Colleague: 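First the structure, which I've put down as structure tokens, then a few questions once you've had a look.
Small disclaimer: the values here were computed from a predicted structure and weren't measured. Throughout, a chain's letter reflects where its sequence line sits, starting with A, and its residues are numbered from 1. What you see below is based on every heavy atom in this structure, not just the backbone, and it leaves out hydrogens, waters and symmetry mates.
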Number of protein chains: 2
Amino acid sequence: MSNLEVDDERVEAKPGEDSTEQVVSYVRALIERGRLRPGDRLPAERELATQIGVSRPTVRAGLRALAAMGVVQSRHGSGTYIPDGPPTLATEPLSFLAALHGFTRDEMYEARRILEVGAAGLAAGRATPEQVATLAEEVASLFASMNEPQVFLVHDINFHRAVALASGNPIVASLVEMVSALYYERRRVTAERASDRDLRDAAEAHRRIYQAIRSRDPEGARAAMNEHLNQARDYQAQESGAASDVVEPRAAAMPAVTPAASERGGSRRRSGAR
Amino acid sequence: MSNLEVDDERVEAKPGEDSTEQVVSYVRALIERGRLRPGDRLPAERELATQIGVSRPTVRAGLRALAAMGVVQSRHGSGTYIPDGPPTLATEPLSFLAALHGFTRDEMYEARRILEVGAAGLAAGRATPEQVATLAEEVASLFASMNEPQVFLVHDINFHRAVALASGNPIVASLVEMVSALYYERRRVTAERASDRDLRDAAEAHRRIYQAIRSRDPEGARAAMNEHLNQARDYQAQESGAASDVVEPRAAAMPAVTPAASERGGSRRRSGAR
DNA sequence: ACGGCAAAGTGGTATTACCTCATGATGGCG
DNA sequence: CGCCATCATGAGGTAATACCACTTTGCCGT
């Protein structure tokens, strides 16, 4: 009778909460009460079902939702776990958002600049010796892989993630991670186009950021990161020339879409979707 | 026979992709090909099931996952839709992350500062007349509700969201929205403690931010936002006194939870959960 | 012509049965 | 005696089916 139930003070059925949401709430309650912590395994699905009083497919739907949020992680045959390690946000949602609303490359660089310039500033004030060492390694790897764009890209991302982690702020780190992932996802397919000169400049830029952080110079780190991202954006703009900027619709493409919408649903657009 | 299928070029079964993920991929494909746009309704669950070739519970699990990511939104009896309006990220994931890792209030303010200072700077350069007008209204509402902390809080958040929106960068706006929601969720329960003086100062601070944006003064806007958030953080620290800072575990709280974990599963913690 | 009612369509849930995979125990073989 | 292979157990993964609940719409009666 291993008790991982919520015991007293039932969790059940806030009004207007369907069964699937109950599952999410239940797990949330377990987490908030400290019964579930990173690395722990959740009760089996069948057990959860009886505990909460819903069917197993419902439990599964709830767990899928949690998995999509990155809160849990299922391993076939083993169980459902809460990921340990540093806090991480799921990156898929942002990716979908990008596909739906057609984020431009410039918007991505802008977002990265805001986040990462701030992160670099914090890192310069707080990075631990180990974190500084990690940064040094990544910089070295960058210089070492200038003839392998794909490998270079990996270390590029790793460096930026390391900076975010060194900021000491898990929220900022999570956000950087999320946006970086979106960047990486796109960049991966175009990485080959980067010129040798660009890679060399990029490596140098990373080195300058590293040095500023190492010398505990927040303003220098911010400036270096800012310059680096602006430069990277400009380089990439040249690579693609006057070609594709937007990856998805946005408003252009498909001249007359509005009529098509009414064709296939009948339900007219609601303006207040919230 | 309204065709919302993917037609040629089947989407089916990338290796290592379970059925539920197929559902997500399928919807993603529909989106990326422009067959689904904000405001549209997805095919019925039963129809999706036959199209993809999986059972309905599986489809439901996939749709739940998408809903958790904020990509879709189901309305009982009506259908499943893609939300329209400005791009928005789900806020629950961050909330869970906060519960799991015990984000502190200072970390939240720090993250907000980084994001919103950047957003304010952008907004000062780009805000449309309508957006400026919205900001003005919210400032007015702030001054008007200084004796109703809960109402004040709502306009407070609205102002910050409006600034983020005025930044013209949907990615930044989404991120601000997400972090603000976390802030709001917590602040709501302690809003009553705010002193009249604090609210007045806060209203003034918002006015300064507004004025800087209106005068197209990016540096001024950044400075005003920075100062505002620092001040707000300090005020709130006073309110709670030397009391509770961390809301959740982090490492403290609950002396012996570990043994309970081994009781109920037998499987010892894996360190490399990733 | 208007308002209420009924039918169809759609998401929501429960049941049941089976499959696949991971894990640990167990027994045979070296 | 110890190592390795095999099997039993349990957990997640999926399918099929039957109903329920809500929403919407259009028809019918007033």
Side-chain angles (χ1 to χ4, degrees), chain A residues 2 4 12-13 15-27 40-68 72-83 262 264-270 273, chain B residues 1-2 4 12-27 40-68 71-83 261-270 272-273:
Chain A
S2 64
L4 191 56
E12 53 194 46
E17 184 176 59
D18 59 46
S19 295
T20 304
E21 285 167 352
Q22 278 184 42
V23 177
V24 176
S25 297
Y26 188 85
V27 174
D40 285 356
R41 201 192 70 180
L42 272 68
E45 294 181 351
R46 293 166 176 84
E47 198 174 336
L48 270 180
T50 63
Q51 283 180 17
I52 306 178
V54 299
S55 72
R56 205 185 141 212
T58 301
V59 170
R60 285 188 55 71
L63 290 181
R64 274 293 178 179
L66 289 169
V72 304
Q73 181 176 320
S74 296
R75 287 210 301 283
H76 192 156
S78 173
T80 303
Y81 301 81
I82 295 190
S262 54
R264 64 169 174 270
S267 72
R268 56 187 158 291
R269 306 261 172 93
R270 308 161 49 255
Chain B
M1 194 63 54
S2 68
L4 193 53
E12 53 193 47
K14 297 178 186 173
E17 187 176 55
D18 59 47
S19 295
T20 304
E21 284 166 353
Q22 277 185 40
V23 177
V24 176
S25 297
Y26 188 84
V27 175
D40 287 354
R41 199 190 70 179
L42 273 66
E45 296 181 351
R46 294 166 176 82
E47 197 175 336
L48 270 179
T50 63
Q51 282 180 18
I52 307 179
V54 299
S55 72
R56 208 186 138 211
T58 302
V59 169
R60 284 189 55 71
L63 290 181
R64 274 296 179 179
L66 288 170
V71 176
V72 304
Q73 183 176 316
S74 295
R75 289 211 298 283
H76 192 157
S78 172
T80 303
Y81 300 82
I82 294 189
S262 54
E263 258 180 42
R264 65 175 175 265
S267 73
R268 56 185 158 292
R269 308 259 173 95
R270 307 167 45 258

Colleague: Of all heavy-atom pairs between B:S55 and B:A49, which one has the smallest distance, and what is that distance?
Modeller: C-CB, 4.1 Å
Colleague: Look at the side chain of A:R46 and the base of D:dG12, then say whether one donor and one acceptor between them are separated by less than 3.5 Å.
Modeller: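 Pair found.
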Colleague: Measure across B:V24 and B:G62 and return the closest heavy-atom pair with its distance rounded to 0.1 Å.
Modeller: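 Scanning both residues completely, I find the closest heavy atoms to be CG2-O, 4.1 Å.
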Colleague: Which heavy atom of A:Q22 sits nearest a heavy atom of A:V54, and at what distance?
Modeller: OE1-CG1, 4.4 Å
Colleague: For A:E47 and D:dT9, what is the distance between atoms CD and C1' respectively, to the nearest whole Å?
Modeller: 15 Å
Colleague: Rounded to whole Å, how long is the line connecting atom CD1 of B:I52 with atom P of D:dA16?
Modeller: 14 Å
Colleague: Using atom OH of A:Y81 as one end and atom P of D:dA11 as the other, report the distance to the nearest whole Å.
Modeller: 10 Å
Colleague: Rounding to an integer number of Å, can you tell me how far A:L63 CG sits from D:dG13 P?
Modeller: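 Atom-to-atom, A:L63 to D:dG13, this comes out as 9 Å.
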Colleague: Tell me, with the steps shown, if A:T20 and A:T58 meet side chain to side chain donor-acceptor pair (under 3.5 Å).
Modeller: CA-CA 6 Å; A:T20 304; A:T58 301; 5.1 Å; no
Colleague: At less than 4.0 Å, is any side-chain N or O atom of B:T20 found next to OP1 or OP2 of D:dT14? Yes or no.
Modeller: yes
Colleague: With the threshold set at 4.0 Å, does a side-chain nitrogen-carboxylate oxygen contact exist between B:R64 and A:D18?
Modeller: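 Counted as a salt bridge, because a side-chain N and a carboxylate O are separated by less than 4.0 Å.
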Colleague: Do the side-chain N or O atoms of A:S74 get closer than 4.0 angstrom to the phosphate oxygens (OP1, OP2) of D:dG12?
Modeller: no
Colleague: Give the rounded distance in Å between these two atoms: CZ of B:R41 and C1' of D:dT24.
Modeller: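 From B:R41 CZ to D:dT24 C1': 11 Å.
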Colleague: Find the distance B:E45:CD to D:dA15:P and express it as a whole number of Å.
Modeller: 14 Å
Colleague: For DNA chain C, what residues of residues 53-60 of chain A have any heavy atom nearer than 4.0 Å?
Modeller: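 A:G53, A:V54, A:S55, A:R56, A:P57, A:T58 - these, ordered by number, are the residues of the stretch whose heavy atoms sit under 4.0 Å from the strand.
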Colleague: Write down the atom of A:Y81, the atom of A:L42, and the distance for their closest heavy-atom approach.
Modeller: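 That closest heavy-atom pairing would be C-CD1, 4.3 Å.
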Colleague: Any donor-acceptor pair under 3.5 Å joining the side chain of A:H76 to the base of C:dT20?
Modeller: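 In this structure, the two groups form a donor-acceptor pair.
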Colleague: Report the residues that fulfil side chain to side chain contact (heavy atoms under 4.5 Å, CB included) with B:T50, sequence neighbours left out, ordered by chain and then residue number.
Modeller: none
Colleague: Rounded to the Å, how far apart are A:L48 CG and D:dG13 P?
Modeller: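 Computing the A:L48:CG to D:dG13:P distance gives 13 Å.
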Colleague: Measure the distance from CZ on B:R64 to C1' on C:dG11 and round it to the nearest whole Å.
Modeller: 9 Å
Colleague: Could one point to a donor on the side chain of A:R75 or the base of D:dG12 with an acceptor on the other under 3.5 Å away?
Modeller: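 Answer no: no donor N or O sits under 3.5 Å from an acceptor.
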